[in-house]
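To start, the structure under review is shown below, and the notes come after it.
The structure presented is a predicted model; accordingly, all values stated were derived computationally and were not measured.
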Amino acid sequence: MSVNVHKMSSLKVEKKQKIEEFSFGPWKITTIKDHILQSSALESIEKELAIPQLPEMLFGNNLLKVEHIAGFGIAFNAVDALKKVDTKQESLQVAAAESWQKARSDCEFLKKVIKPFDWTFTTDYNGTITSSGPEITVTQTTDCIDIEKLKVREKIHFYEDITLFEDELADNGIATLGVKIRVMQSSFFLLMRFFLRVDGVLIRMNDTRVYHEAGSNFMLREYSSKEKKISELDLQPYELTDPVSVEKYLDVKLQTFEKLEFPPEALEAEKTAAAKNV
């Protein structure tokens, strides 16, 4: 099934901030790309999250939101992702942790913290369910996203790639979180990826995929966590920096498959909107 698609607006609200809105049938897709947060904003987020240190580059205003005309949807942002970071214990006890702390020796808050926290910023965040009315029902499912269908060449009407945060782990690797979306004539698909490389130690990748086919009353959401010790990867150094190249060599640690079913009000809202457009 195909639906009407068109870009509604593209505007810059202020310097370096860009907001885009795109309609896909009964859906409105909103993306915000902004600059790295300044120190004043970072302080309030640190207190809110009770985290000793935030990523070096935090794009706290960046956002991807997909919202149905009935008021429900799903969104992706950095602050909600960081809420899932373990603030009580480290995920890796390696020499890199000491380097990380030395590189941030000027952080007064960090000096006061006795308990360690996950300095790799590993998060299993899979999106924020939103609603201003009827709500989505989330259930476990055996249904999977049809990857072969996504490989079929179809015109892409809208595409965006948004960085949420990034940290170089005091030159010991990289931790980055980003989300991207593409809208075709008959569906939309998004991928959020947390990618971690601790040099000489480990590669970790946490992926969330969301797919919706026009005409269906649900979205499919898949989450996977993969990792492997670098010593067990027979790869060139440049390959270790590319998530696409290294992904197939990682071991799956966890997978979940969910169906995000729409409330009955969704169909009625779509009928009402269609009647107004006649």
Euclidean distance, L196 CG relative to T120 OG1, rounded to 0.5 Å: 5.0 Å
Between S225 and N206, the two heavy atoms sitting closest are OG-OD1, 2.7 Å
Minimal heavy-atom distance between F121 and I51, with the atoms involved, is CE2-CD1, 4.3 Å
Distance-only donor-acceptor check, side chains Q17 and H35, under 3.5 Å: no
Does the ring centre of W27 sit less than 6.0 Å away from the ring centre of F262? yes
Restricting to side-chain hydrogen bond (donor to acceptor under 3.5 Å, both in side chains), what partner residues turn up for K33, sequence neighbours left out? E160
Ring-plane angle category for F188 and F24, please: parallel below 30°, perpendicular beyond 60°, tilted otherwise. perpendicular
Side chains of R204 and T122: any donor to acceptor distance under 3.5 Å? yes
Donor-acceptor pair, distance only, cut-off 3.5 Å: does the side chain of E239 make one with the backbone of Q236? yes
Of all heavy-atom pairs between K226 and L250, which one has the smallest distance, and what is that distance? CB-CB, 3.7 Å
Just by distance, do the side chain of E56 and the backbone of E168 share a donor-acceptor pair under 3.5 Å? yes
When rounded to the nearest 0.5 angstrom, what distance separates CG in L37 from CG in L58? 5.0 Å
Please, which pairs that meet salt bridge (charged side-chain N to carboxylate O under 4.0 Å, His left out) have at least one residue in residues 123-135, sequence neighbours excluded? K84-D124
Got a sec, which residues hit salt bridge (charged side-chain N to carboxylate O under 4.0 Å, His left out) with K229, two or more places apart in sequence or on another chain? none
Are V179 and Y125 joined in one hydrophobic group, where the rule is that I, L, V, M, F, W and Y side chains link up if heavy atoms are under 4.5 Å apart? yes
Residues that D80 engages under side-chain hydrogen bond (donor to acceptor under 3.5 Å, both in side chains), provided they are two or more places apart: N77, K83, T128
Please check if the side chain of S44 supplies one atom and the backbone of A41 the other of a donor-acceptor pair under 3.5 Å. yes
Of the non-hydrogen atoms in A81 and L177, which two are nearest, and what is the gap between them? CB-CD2, 3.4 Å
Ion pair check, E258 and R221, cut-off under 4.0 Å: yes
E154-S186 side chain donor-acceptor pair, cut-off 3.5 Å: yes
Using the side-chain hydrogen bond (donor to acceptor under 3.5 Å, both in side chains) criterion, which residues pair with R193? Sequence neighbours excluded. D207, E247
Where do R197 and I203 come nearest, in terms of heavy atoms and distance? CG-CD1, 3.2 Å
Let me check something: do I174 and V201 share a hydrophobic cluster, defined by ILVMFWY side-chain heavy atoms less than 4.5 Å apart, either directly or through other members? no
So OG of S245 and CG of L240: to nearest 0.5 Å the spacing works out to 9.5 Å
Could you tell me the separation between the CD1 atom of I162 and the CD1 atom of I32, rounded to the nearest 0.5 Å? 8.5 Å
According to salt bridge (charged side-chain N to carboxylate O under 4.0 Å, His left out), who are the partners of D143, at least two apart in sequence or on a separate chain? K259
In terms of heavy-atom contacts, I136 and I129 come closest through CB-CG2, 4.3 Å
Is there a donor-acceptor pair closer than 3.5 Å between any side-chain N or O of S23 and the backbone N or O of K28? no
By salt bridge (charged side-chain N to carboxylate O under 4.0 Å, His left out) - contacts of D234 (at least two apart): none
Ring pair (Phe, Tyr, Trp, His ring centres under 6.0 Å) partners of residues 217-243, not counting sequence neighbours, each pair once: none
Which value, rounded to the nearest 0.5 Å, describes the distance between L164 atom CG and T176 atom OG1? 8.5 Å
Going by atom type alone, with no hydrogens or angles, which donor-acceptor pairs under 3.5 Å involve a side-chain atom of residues 59-75 and a protein atom two or more places apart or on another chain?
unit_1: N61; atom_1: ND2; unit_2: D34; atom_2: OD2; d: 3.0
unit_1: N62; atom_1: OD1; unit_2: D34; atom_2: N; d: 2.5
unit_1: N62; atom_1: ND2; unit_2: T163; atom_2: O; d: 2.8
unit_1: H68; atom_1: ND1; unit_2: A70; atom_2: N; d: 2.9
unit_1: H68; atom_1: NE2; unit_2: E270; atom_2: OE2; d: 2.8

Suppose we screen for salt bridge (charged side-chain N to carboxylate O under 4.0 Å, His left out). Which residues come up paired with D171, at least two apart in sequence or across chains? none
Rounded to the nearest 0.5 Å, what separation is found between the CG atom of L169 and the CD atom of E166? 10.0 Å
Return yes if some donor-acceptor pair links the side-chain N/O of D251 with the main-chain N/O of K228 below 3.5 Å, else return no. no
For Q255, all residues meeting side-chain contact (heavy atoms from CB on, under 4.5 Å), sequence neighbours excluded: S224, V252, F257
By ring pair (Phe, Tyr, Trp, His ring centres under 6.0 Å), which residues pair with F194, not counting sequence neighbours? none
